[in-house]
Asks: 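Handing you a structure now.
Here the structure is a predicted model, which is why all the values come from computation and not from measurement. The analysis underlying the following values was restricted to heavy atoms, covering all of them including side chains, and did not include hydrogens, waters or symmetry mates. Chain A is the first sequence line, chain B the second, and so forth, proteins listed ahead of strands; every chain is numbered from 1.
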Amino acid sequence: MSTSDPSKLISKADKLTKLSLTRWSADWKSATVLYEQAANGFRVARNYEKAKLAFEKASQGQEMLSSPWDAAKHMESAAALAKELRNWAEVIDFYRKASELYMQCDRPQPASDALAKGARALEDALPDDAIQLYTDACVILEDDGKEQMAFDLYRAATSVYVKLEKYTDAAAFLLRLGLAADKCNARNSQCKAYLSAIIVYLYAHDLKQAEKCYNDCSQIDAFLGSDQNRCASKLLSAYTEGDVEEIKRVAQSSAISNLDNVIIKLARKLPTGDVSAFKTDAANEEEPLDENDLT
Amino acid sequence: MTVIDLITRVDAICKKYEKYDIDKHKEANVTGDDAFARLYGVVESEIDAALQKSEAAATEKSRATAVAMNAEIRRTKARLLEELPKLQRLALKKVKGLSREELEARNDLVYSLKDRIEAIPDGSTAAAKQSGGVSGGWAASSSYTGIKIDSSSEAFESEYFQQTEESDRFRQEYEMRRMKQDQGLEVIAEGLDTLKNMAHDMNEEIDRQMPLMDEIDEKVDRAASDLKNTNVRLKDTVNQLRSSRNFCIDIILLCIILGIAAYLYNVLK
């Protein structure tokens, strides 16, 4: 463990790797060691820019030494430093590279973890990219058959969508969550996901979609016999009757309070817009029936 | 003076002043051919008993016993009122040894008897007095006591009113208790909902972590067996090394000794 100046270490390592007349093949082994030491030194000295560079080079060295695991680890460190520097493009890049390296090691879980970390870092700055990263992470896990780990990712992605006010996308994600839960028999999470989707549709003031969603979900046995189903039907009937008090009461009930925080906030803000509009719709639907009866 | 002496003295005094005992005379009178007097005596004694019971009911603390006693009193009153017409008929009958005035007096007696029977407090008046202090709006019905045999419908209604005053309070208490129970049950239900949700989540979390634990188990097993293997090989190698080292040391020492011996041999030669 040399305590010498990290920059000196870096220059030494660079010299080892650069090919010239006197050097016919790069000595990656010692170079990598030096790069790692330099990177640690820079990190301690809080010189994030140089530390990031050093980690990049160290990772490259490890790749050359065919140890993708260490390479991926260095890449992640580099990405974390890039996050400190708020260099978002590099953050995305590094995390993706790290995830690929992990996949090379045949370890899908750390791969998706790396993507998830990247997404979390980008949530505020580049939400669209964050969602992309979340989706990719979920795909990796699903391919591996480990859907249970994906639940948290789905939930995080949904909250980002809600922040962006893209409610249909959020509801679609929740339905995907329900599908994943179905595959691993996580009945509670599944029902909660469906109820959350219905609430998101109602928040977007789209009663037709909400009802369609409810009908689709009622096809599933697990949802049909659950608390969440009863709560959803109460909510929808309160909407069709245009009863604001009832809606507020259902929103305070325990079934909704057990959902995700983001969804609870949406539910408490229901009803958005004019509920009586739905009431007149329902009344109009009944009239043609009467005419038919008369004839 | 012993108790027995006291009792004998009291008996003697009573005997002396027997002629002043009205009740006894009345009884003696009644045990005759006079059916009216007999019946009259019976009714009066029952009225007295009912009055006593009503006094006891008024002082009774337990509501249930008070209500039961009042019900009994009411029943007695009803029975007595039924017997009144019989008494009236007997009153009009002429009995030998009875003057005209006394005959008329008997009629009046029968009427006054009726009033006396109805005046017996049977809890409805007591309730009226009590609730008069509490609600004060029952003035109209507070004067109404007793059960009329040939009652009109409106009398029935006010009587109904009277009855429900007591049961009203019961009902109020019952409703309040039921409301409190409902509230408590609601609190419990909410708590149970939270518990159920937490239990479900814990279930899913454990399901999620089970395959991870299995993986860890497998990997640790593999690592342990590798380690054991390595240990054994290391031990073998070290043994070998050591034994060969000893062997070399032996040979070297031997050579040194031979060399010294040869040198000495040369010197001594």
Asks: If you count the non-hydrogen atoms of other residues, nucleotides and ligands that lie under 6.0 Å from CZ in B/Arg171, is the total more than 12?
Replies: no
Asks: Side chain, backbone, both or neither: which part of A/Glu147 has an atom under 4.5 Å from a heavy atom of chain B?
Replies: neither
Asks: Atom NZ in B/Lys196, atom CG in A/Asn188: separation rounded to 0.5 Å?
Replies: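 Going from the NZ atom of B/Lys196 to the CG atom of A/Asn188 covers 7.5 Å.
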Asks: Counting only heavy atoms from other residues, nucleotides and ligands, does the tally under 6.0 Å from CZ of A/Arg155 exceed 12?
Replies: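 Atom CZ in A/Arg155 is crowded, with more than 12 foreign heavy atoms closer than 6.0 Å.
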Asks: Can you give me the closest heavy-atom contact between A/Arg107 and B/Lys219, atom names plus distance?
Replies: NH2-NZ, 4.3 Å
Asks: Show the numbers, then the answer: is there a side chain to side chain donor-acceptor pair (under 3.5 Å) between B/Asn197 and A/Lys192?
Replies: CA-CA 10 Å; B/Asn197 184 50; A/Lys192 285 205 277 197; 3.2 Å; yes
Asks: Between B/Glu204 and A/Gln148, what is the shortest heavy-atom contact and its length?
Replies: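 B/Glu204 and A/Gln148 have their closest heavy atoms at O-OE1, 3.6 Å.
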Asks: Relative to chain A, which segment of B/Asn203 carries a heavy atom at a distance below 4.5 Å: side chain, backbone, both, or neither?
Replies: neither
Asks: Surrounding NZ of A/Lys29 (heavy atoms of other residues, nucleotides or ligands, distance under 6.0 Å), is the total greater than 12?
Replies: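 Counting neighbours around NZ of A/Lys29, 12 or fewer heavy atoms of other residues, nucleotides or ligands fall under 6.0 Å, so no.
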Asks: Does a sphere of radius 6.0 Å around CD in B/Glu175 hold more than 12 heavy atoms from other residues, nucleotides or ligands, not counting ones at 6.0 Å or beyond?
Replies: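 Count over threshold, so yes.
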Asks: Flag the pair A/Met149 / B/Leu212 as yes when at least one side-chain heavy-atom distance between them is below 4.5 Å, and no otherwise.
Replies: yes
Asks: Would you sort out whether B/Asp193 and A/Asp227 count as a side chain to side chain contact (heavy atoms under 4.5 Å, CB included), showing the intermediate values?
Replies: CA-CA 10 Å; B/Asp193 262 331; A/Asp227 269 343; 4.0 Å; yes
Asks: Do other residues, nucleotides or ligands put more than 12 heavy atoms under 6.0 Å from the NZ atom of A/Lys183?
Replies: yes
Asks: More than 12 foreign heavy atoms under 6.0 Å from CD of B/Gln52: is that the case here?
Replies: no
Asks: Once rounded to the nearest 0.5 Å, what's the spacing between atom OG of A/Ser189 and atom CZ of B/Arg208?
Replies: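 Separation between the atoms: 7.5 Å.
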Asks: From B/Glu190 CD over to A/Ser257 OG, what is the distance, rounded to the nearest 0.5 angstrom?
Replies: 7.5 Å
